[in-house]
Amino acid sequence: MITRIVAVDPAQPDPAVIEQAAQALRAGCLVAFPTETVYGLGANALDGEAVARIFEAKGRPATDPLIVHLAHIGQLSMCASHVPPAARKLGLAFWAGPLTIILPKKPQIPDSVTAGLPSVALRVPSHRVARALLEMAGVPVAAPSANRFSRPSPTTAAHVLADLDSRIDLVLDGGPTDIGLESTIVDFTVDPPVMRRPGGLTLAQIQSVVPAVVAIAARGHADVAQLAPGQLTRHYAPRAELTLYDGMADKVIQRVAADTRTLAATGARVGILAPEDDLVALAPELAALASHGRVEVQPYGSRRDPARAARELFAALRALDATGVSHILATSIGPEGLGLAVRDRLARAAEGRIRRV
Ligand code: TXA
Ligand code: MG
């Protein structure tokens with residue numbers, strides 16, 4: 001299959017281009033498109049065969065349900081059998097935007113979309129290209145992030161192609177995405193409602209509208225049942241072995257420096273993924289190691305600007321991994337703002353290798 005790439009102005013999408021993409025969706029094709037969070041890989045959510053192609057293209061396990069994207073909140077009743085008032089209130093407050101709501105599903109949503117669950121995840125994205133596409137397609141669009149299974153989510157069309165070239169029909173290239181990590185997922189099939197994935201909206205923003213929403217507790221055995229399905233499988237995993245360092249910034253920096261020295265001495269090629277401020281603090285150590293030529297550093301945003309850290313994280317992770325390092329030592333920003341979601345993605349990429357210092 002040849003993948004077509006079409007550039008589209010994110011501020012003013014050309015209706016002729018969008019109509020072509022909408023037709024492709026209606027015909028059962030796979031179309032990658034930008035949203036304000038990350039690029040999605042779309043298929044007509046009412047077409048079970050098209051949905052099956054998403055799983056095939058991504059190499060995604062069928063047990064991991066998809067998010068259904070809608071043009072506007074008025075389409076909720078096409079997909080959900082019941083909309084509790086609190087869910088509607090949250091949707092009215094934050095849609096179009098980086099919010100996904102889980103509700104009981106209507107029978108016309110194929111089981112392949114929801115991995116056999118009686119519930120469906122729904123989201124109204126705000127990106128102009130996504131909105132225009134959903135509007136013109138006229139059908140709900142199932143769209144996971146447009147990456148191969150277990151890879152970081154794509155924040156540019158180039159990331160989509162790196163993973164899915166010749167596996168999908170079309171990529172709409174609307175430039176880099178704004179938020180850079182995925183939507184916040186809130187499950188309204190349980191009482192009280194649960195935030196199942198931190199993302200582009202903070203818990204504080206959500207609780208300002210629906211105070212009853214609770215966060216999933218810190219990860220542990222007891223919380224497994226609380227996680228969204230598919231969240232225990234490999235996610236965001238680079239080829240290199242990534243370790244996340246947790247703790248006070250200055251302690252973490254000292255420990256990263258020490259472990260970098262130890263690893264480099266064994267001949268390992270080490271990459272450091274950290275906010276700019278941490279890399280500045282590490283600079284003297286790194287200068288001493290530079291003669292070895294074994295350490296790659298990759299900044300993502302800064303501790304003072306969690307939104308920029310979120311925007312740059314996945315591209316930074318991909319870039320560092322592409323240098324061929326064998327080990328990545330990562331530090332997170334603090335939990336303020338999007339920091340919670342940033343740390344969540346790094347913790348998943350670490351697959352349990354979390355060093356508390
Ligand atoms: O920002 C986003 O949400 C992006 C863009 C493309 O919209 N999409 C995205 O999709 O991140 P994906 O497939 O990478 O993550 C969707 C996750 C699943 O892994 C699953 O954990 C959860 O949503 N999910 C979907 N349906 C669910 C359901 N019925 N119950 C619980 N969790 C569900
Ligand atoms: Mg994903």
Side-chain angles (χ1 to χ4, degrees), residues 30-43 45 51 54-55 57-70 79-81 94-106 109-127 129-131 133-134 140-155 159-160 163-164 172 174 177-190 193-201 216 224-237 310 314 338 341 344-345 348-349:
L30 299 185
V31 177
F33 60 96
T35 80
E36 70 280 17
T37 58
V38 300
Y39 275 72
L41 177 60
V51 169
I54 290 181
F55 287 90
K58 283 187 55 114
R60 179 180 175 115
T63 50
D64 194 355
L66 308 178
I67 296 174
V68 175
H69 294 65
L70 308 173
C79 304
S81 61
F94 293 117
W95 280 338
L99 169 72
T100 295
I101 286 178
I102 299 175
L103 295 173
K105 84 173 186 83
K106 278 219 164 139
I109 303 293
D111 282 341
S112 54
V113 170
T114 63
L117 292 170
S119 59
V120 61
L122 299 160
R123 155 160 143 77
V124 179
S126 64
H127 194 289
V129 171
R131 294 194 78 176
L133 180 63
L134 292 163
V141 172
S145 49
N147 50 280
R148 288 277 289 178
F149 172 63
S150 91
R151 299 266 295 145
S153 296
T155 56
H159 296 162
V160 176
D163 281 13
L164 297 173
L172 293 179
T177 59
D178 184 34
I179 296 173
L181 37 79
E182 304 85 342
S183 61
T184 301
I185 302 180
V186 183
D187 187 348
F188 280 92
T189 66
V190 287
V194 173
M195 181 178 78
R196 297 220 179 261
R197 178 176 73 181
L201 278 180
I216 47 167
V224 163
Q226 294 257 328
L227 285 170
Q231 300 274 301
L232 285 176
T233 50
R234 290 188 83 212
H235 269 89
Y236 316 109
F314 287 148
L338 295 188
D344 172 81
R345 303 309 187 268
R348 290 177 205 278

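Every number for a ligand or one of its atoms is a count from 1 in the order of the listing.
Side-chain contact between Thr177 and His127 is absent, with no heavy-atom pair separated by less than 4.5 Å. Looking only at side-chain heavy atoms (C-beta outward), Trp95 and Ile101 come within less than 4.5 Å of each other. Between Leu41 and Arg60 there is no side-chain heavy-atom pair separated by less than 4.5 Å. Side-chain contact between Leu70 and Cys79: present, with at least one pair of heavy atoms (C-beta onward) separated by less than 4.5 Å. Looking at Arg345 and Pro198, their side chains come closer than 4.5 Å, going by heavy atoms from C-beta outward. Between Asn147 and Phe314, every side-chain heavy-atom pair lies at or beyond the 4.5 Å cut-off.
The distance from ligand 1 to the heavy atoms of His69 drops below 4.0 Å at these ligand atoms: 5 (C), 6 (C), 7 (O). Atoms of ligand 1 lying under 4.0 Å from at least one heavy atom of Gly40, given by number and element, are 6 (C). Close approach of ligand 1 to Ile67 is summarised as follows: ligand atoms under 4.0 Å from at least one heavy atom of the residue are 3 (O), 8 (N), 9 (C), 10 (O), 16 (C), 23 (O). In summary, the atoms of ligand 1 found under 4.0 Å from a heavy atom of Ala121, numbered by their order in the structure, are 25 (C), 26 (N), 27 (C). Which parts of ligand 1 touch Asp64 is read off a 4.0 Å heavy-atom cut-off, strictly below it: atoms 18 (C), 19 (O), 20 (C). Against a heavy-atom cut-off of under 4.0 Å, Leu117 is close to the following atoms of ligand 1: 28 (C), 29 (N), 30 (N). Those atoms of ligand 1 with a heavy atom of Ile102 less than 4.0 angstrom away are 28 (C), 30 (N), 31 (C), 32 (N), 33 (C). Listed by number with element, the atoms of ligand 1 under 4.0 angstrom from any heavy atom of Ile185 are 17 (C), 22 (C), 23 (O).
Taking only non-hydrogen atoms, the option from Pro104, Ala146, Ser183 nearest to atom 2 (C) of ligand 1 is Ser183.
Contacts between Arg60 and ligand 1 below 4.0 angstrom, taking non-hydrogen atoms only, involve the side chain exclusively. Under 4.0 angstrom from ligand 1, there are no non-hydrogen atoms of Lys105. No part of Arg196 comes within 4.0 Å of ligand 1, judged by heavy-atom distances. At a 4.0 Å heavy-atom cut-off, ligand 1 does not touch Asp187 at all.
Under the 4.0 angstrom criterion for non-hydrogen atoms, Ser119 is in contact with ligand 1.
Not a single N or O atom of Thr114, backbone or side chain, sits closer than 3.5 Å to an N or O atom of ligand 1. For ligand 1, none of its N or O atoms has an N or O atom of Lys58 under 3.5 Å away. Between Thr37 and ligand 1, at least one N/O pair is under 3.5 Å apart. An N or O contact shorter than 3.5 Å is missing between His235 and ligand 1 by distance. Checked against a 3.5 angstrom limit, the closest N/O atoms of Arg197 and ligand 1 fall inside it.
At a threshold of 2.8 Å, the Mg ion (ligand 2) has a backbone or side-chain N, O or S atom of Ser145 nearer than that distance.
At least one donor-acceptor pair closer than 3.5 Å links the side chain of Lys58 to the backbone N or O of Ser145. When atom types are taken as modelled, the side chain of Arg148 and the backbone of Ala57 share a donor-acceptor pair closer than 3.5 angstrom.
Between Thr189 and Pro104, the closest heavy-atom pair is CG2-N, 3.9 Å. When all heavy atoms of Leu338 and Gly200 are compared, the closest pair comes out as CD2-O, 3.5 Å.
A side chain to side chain contact (heavy atoms under 4.5 Å, CB included) with Val68 is found for one member of Thr114, Val141, Val113 and no other, namely Val113.
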All N/O donor-acceptor pairs, side-chain side in residues 117-124, below 3.5 Å, sequence neighbours left out:
from   : atom 1 : to    : atom 2 : distance (Å)
Arg123 : NH1    : Glu36 : OE2    : 2.8
Arg123 : NH1    : Gly97 : O      : 2.9
Arg123 : NH2    : Thr35 : OG1    : 3.0
Arg123 : NH2    : Thr37 : OG1    : 3.1

